[in-house]
Amino acid sequence: MAFGWIDAQAEQRRRAGLVRTLRPRPADSPLLDLAGNDYLGLAHHPEVVEGAAAAARTWGGGATGSRLVTGTTELHTELERELAAFCGFEAALVFSSGYAANLAAVTALAPHGSLIVSDAGNHASLIDGCRLARGTTQVVGHADPEAVGKALGTHRGPAVVVSDSVFSVDGDAAPLDALAAACREHGAGLVVDDAHGLGVLGEGGRGAPHAAGLAGAEDVVATVTLSKSLGSQGGAVLGPARVIDHLVNAARTFIFDTGLAPAAAGAALAALRLLRREPERAARARAVAGALHAGLTAAGLDAVRPDAAVVSVRAPSPGEAVQWAADCRTAGLAVGCFRPPSVPDGISRLRLTARADLTEAQIDGAVRVIGETRP
């Protein structure tokens, strides 16, 4: 029977406790949300919502075509200019998602005969970019610049190192300084996925590459998402103008994809301007993450110290992680639940998002619920 093998895989997932289901949320959910990625609390900010609405009224509901045909509006180029300037890069290119931006950066910058050195903890979008690229990929240990240098030393030809700036599972930061040094020793480029750094790290939330003094360097490219700190949708690649021009001509997820919806571009631009005006939001998000970690640790839970706004709490098993997250929901708290294969080390976790707009009472309440519902 066609697709009959699906039933066997579904049964395997059920037995392993790895079944995933969609859970539509209402507009007026009563849950305290520590599961989403709205790090700065801007997704419902009146200025961001109005930015989306005004863009839709002006440009319509969709981009109407790919960026090279009709999908580039003046709003898109305005967002690209301001995003590049804010993060300290020469140029930017906006995509329909952060996933598409990562696929574009890796595949277009790793031609046949090149070497890609990829951190073992990288996000799935970087991994898929490596799989699709024509270069050869070598996976190295997590956050290990020495291993990166050794891998680069075995290759003669174009090479690029790809790494998250902040890893999405445990929230730990990559050693960007040391990675850049290894790249420069061997003449390689560095591609940094700053999805979890933009809006949280660096001066006023300008991101991890800016904090490391790498923004604007000729050998550094950053990718970002507009769907986390900026509370919108979409992604972007930031880098030297000649790299961005190359992506316009060579990145398939740019050339053959419909442009980002104007409403999303308008919301992201409004959020970016708000962050520029209120840079203290970045520091507050980091402070909330620290408070969550301190409270969870004091309660005897195995929480990983955060380097940005992601706080993870380890669970005994996939099934217990799912039940833990469900019990939190029953108690009024939404938390993320990461299980294999989403976690590279096979350890299931609750994943909490620190938000700049959380109050001290909400932080204390979240810690209490997680502690009371532990397996």
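Predicted model, so just to flag it, every value in this text is computed and none were measured.
Taking OH from Tyr99 and OG1 from Thr253, the interatomic distance works out to 11.0 Å, rounded to the nearest 0.5 Å. How far CG of Asp257 is from CZ of Arg252: 12.0 Å, rounded to the nearest 0.5 Å. Separating the CD1 atom in Ile255 from the CG atom in Leu68 is a distance of 6.0 Å, to the nearest 0.5 Å. The distance from the CG atom of Leu132 to the CD1 atom of Ile127 is 12.0 Å, given to the nearest 0.5 Å. One finds the NE2 atom of His123 at 7.5 Å from the CG atom of Asp193 (value rounded to the nearest 0.5 Å). The CZ atom of Phe254 lies 14.5 Å from the CG atom of Leu103; values are rounded to the nearest 0.5 Å.
Between His155 and Ala159, the shortest heavy-atom distance links the atoms CD2-CB, 4.2 Å. For the pair Ser168 and Val310, the tightest heavy-atom approach, listed with the atom from each and the gap, is O-CG1, 3.8 Å. When all heavy atoms of His76 and Thr73 are compared, the closest pair comes out as ND1-OG1, 2.7 Å. Closest approach of Pro209 and Phe89 over heavy atoms only: CB-CZ, 4.0 Å. Annotation for Asp119 and Ala143: closest pair OD2-N, 2.6 Å, computed over non-hydrogen atoms. Across all non-hydrogen atoms, the minimal contact from Asp357 to Gln362 is O-OE1, 4.0 Å.
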Query raised in the report: Can Arg273 and Glu47 be said to form a side chain to side chain contact (heavy atoms under 4.5 Å, CB included), step by step?
Result: CA-CA 10 Å; Arg273 290 170 175 172; Glu47 292 182 28; over 6 Å; no
Query raised in the report: Is there a side chain to side chain contact (heavy atoms under 4.5 Å, CB included) between Ser163 and Leu179 once you walk through the steps?
Result: CA-CA 9 Å; Ser163 177; Leu179 290 178; 4.0 Å; yes
Query raised in the report: Which is it for Asp327 and Thr373 under the side-chain hydrogen bond (donor to acceptor under 3.5 Å, both in side chains) test, yes or no, and what are the steps along the way?
Result: CA-CA 6 Å; Asp327 291 342; Thr373 57; 5.9 Å; no
Requested in this report: Start with the C-alpha distance between Phe167 and Asn122, add both sets of side-chain angles, then the distance that settles side chain to side chain contact (heavy atoms under 4.5 Å, CB included), and finish with yes or no.
Outcome: CA-CA 7 Å; Phe167 295 91; Asn122 278 343; 3.7 Å; yes
Requested in this report: Kindly indicate, with the supporting measurements, whether the criterion side-chain hydrogen bond (donor to acceptor under 3.5 Å, both in side chains) is fulfilled by Ser312 and Arg351.
Outcome: CA-CA 4 Å; Ser312 76; Arg351 180 181 178 276; over 6 Å; no
Report task. Verify side chain to side chain contact (heavy atoms under 4.5 Å, CB included) between Leu31 and Arg329, making sure each step is shown before the conclusion. Result -> CA-CA 7 Å; Leu31 299 178; Arg329 290 184 64 85; 3.5 Å; yes
Report task. Could you check Thr70 against Thr64 for side-chain hydrogen bond (donor to acceptor under 3.5 Å, both in side chains), going step by step and ending with a plain yes or no? Result -> CA-CA 6 Å; Thr70 58; Thr64 77; 2.8 Å; yes
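Ion pairing between Glu280 and Arg284 fails under the 4.0 Å rule for side-chain N and carboxylate O. With salt bridges taken as basic N to acidic carboxylate O contacts below 4.0 Å, none links Asp245 and Arg242. Between Asp170 and Arg314 a salt bridge is recorded (basic side-chain N to carboxylate O distance below 4.0 Å).
Side-chain atoms of Ser227 and Asn37, non-hydrogen and from C-beta on, never get closer than 4.5 Å to each other. Using a 4.5 Å heavy-atom threshold, the side chains of Leu238 and Phe86 count as separate. For the pair Leu93/His246, no side-chain contact is recorded, criterion being any heavy-atom separation below 4.5 Å from C-beta on. Contact check for Leu75 versus Leu269: side-chain heavy atoms found under the 4.5 Å cut-off. The shortest distance between side-chain heavy atoms of Val160 and Ser114 does not fall below 4.5 Å. The side-chain heavy atoms of Cys87 and His210, taken from C-beta on, include no pair separated by under 4.5 Å. With a 4.5 Å cut-off on side-chain heavy atoms, Ser97 and Thr225 do not count as touching. The shortest distance between side-chain heavy atoms of Leu83 and Glu80 does not fall below 4.5 Å.
For Thr77 (side chain) and Glu74 (main-chain N/O), a donor-acceptor pair under 3.5 Å exists by modelled atom type. Within the 3.5 Å criterion, the main-chain N or O of Gly319 finds no donor-acceptor partner in the side chain of Arg339. Under the 3.5 Å distance criterion, the side-chain polar atoms of Gln233 are left unmatched by any main-chain donor or acceptor of Ala264. Side-chain atoms of Asp194 never come within 3.5 Å of backbone atoms of Ser165 as a donor-acceptor pair (strictly under, hydrogens ignored). With Thr223 contributing its side chain and Asn102 its backbone, the two residues share no donor-acceptor pair below 3.5 Å. A side-chain donor-acceptor contact under 3.5 Å links Thr154 to the backbone of Ala151. Under a 3.5 Å cut-off, the side chain of Asp364 and the backbone N or O of Arg368 do not form any donor-acceptor pair. Between the Arg134 side chain and the Thr107 main chain, no donor and acceptor come within less than 3.5 Å of each other. Judged by distance alone, the side chain of Arg184 and the main-chain N or O of Ala181 form no donor-acceptor pair under 3.5 Å. Between the side chain of His293 and the backbone N or O of Gly290 there is no donor-acceptor pair closer than 3.5 Å.
Linking Ile, Leu, Val, Met, Phe, Trp and Tyr residues whenever their side-chain heavy atoms come within less than 4.5 Å leaves Val117 and Val106 in two separate clusters. Note on Leu126 and Val243: same hydrophobic cluster, where clusters join Ile, Leu, Val, Met, Phe, Trp and Tyr whose side-chain heavy atoms are under 4.5 Å apart, directly or indirectly. A single hydrophobic cluster is not seen to contain both Leu247 and Val94; linkage of ILVMFWY side chains at heavy-atom distances under 4.5 Å, directly or through other members, places them apart. Under the 4.5 Å side-chain heavy-atom criterion for grouping Ile, Leu, Val, Met, Phe, Trp and Tyr, Leu109 is not connected to Leu190 through any hydrophobic cluster. Val369 and Leu358 fall within a single hydrophobic cluster, where Ile, Leu, Val, Met, Phe, Trp and Tyr are joined by side-chain heavy atoms under 4.5 Å apart, directly or via other members.
The list of side chain to side chain donor-acceptor pair (under 3.5 Å) pairs with a residue in residues 11-24, not counting sequence neighbours, reads Glu11-Arg14, Glu11-Arg15, Arg20-Ser342.
Within a 6.0 Å sphere centred on CZ of Arg276, heavy atoms belonging to other residues, nucleotides or ligands number more than 12.
With hydrogens and angles left out, the side-chain atoms of His142 and Asp172 include a donor and acceptor closer than 3.5 Å.
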Donor-acceptor pairs under 3.5 angstrom involving side-chain atoms of residues 50-59: please list them, not counting sequence neighbours.
residue : atom : partner : partner atom : Å
Glu50   : OE2  : Arg57   : NH2          : 2.6
Thr58   : OG1  : Ala54   : O            : 2.9

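Exactly one of His196, Arg355, Lys228 qualifies for a side-chain hydrogen bond (donor to acceptor under 3.5 Å, both in side chains) with Tyr39. That residue is His196.
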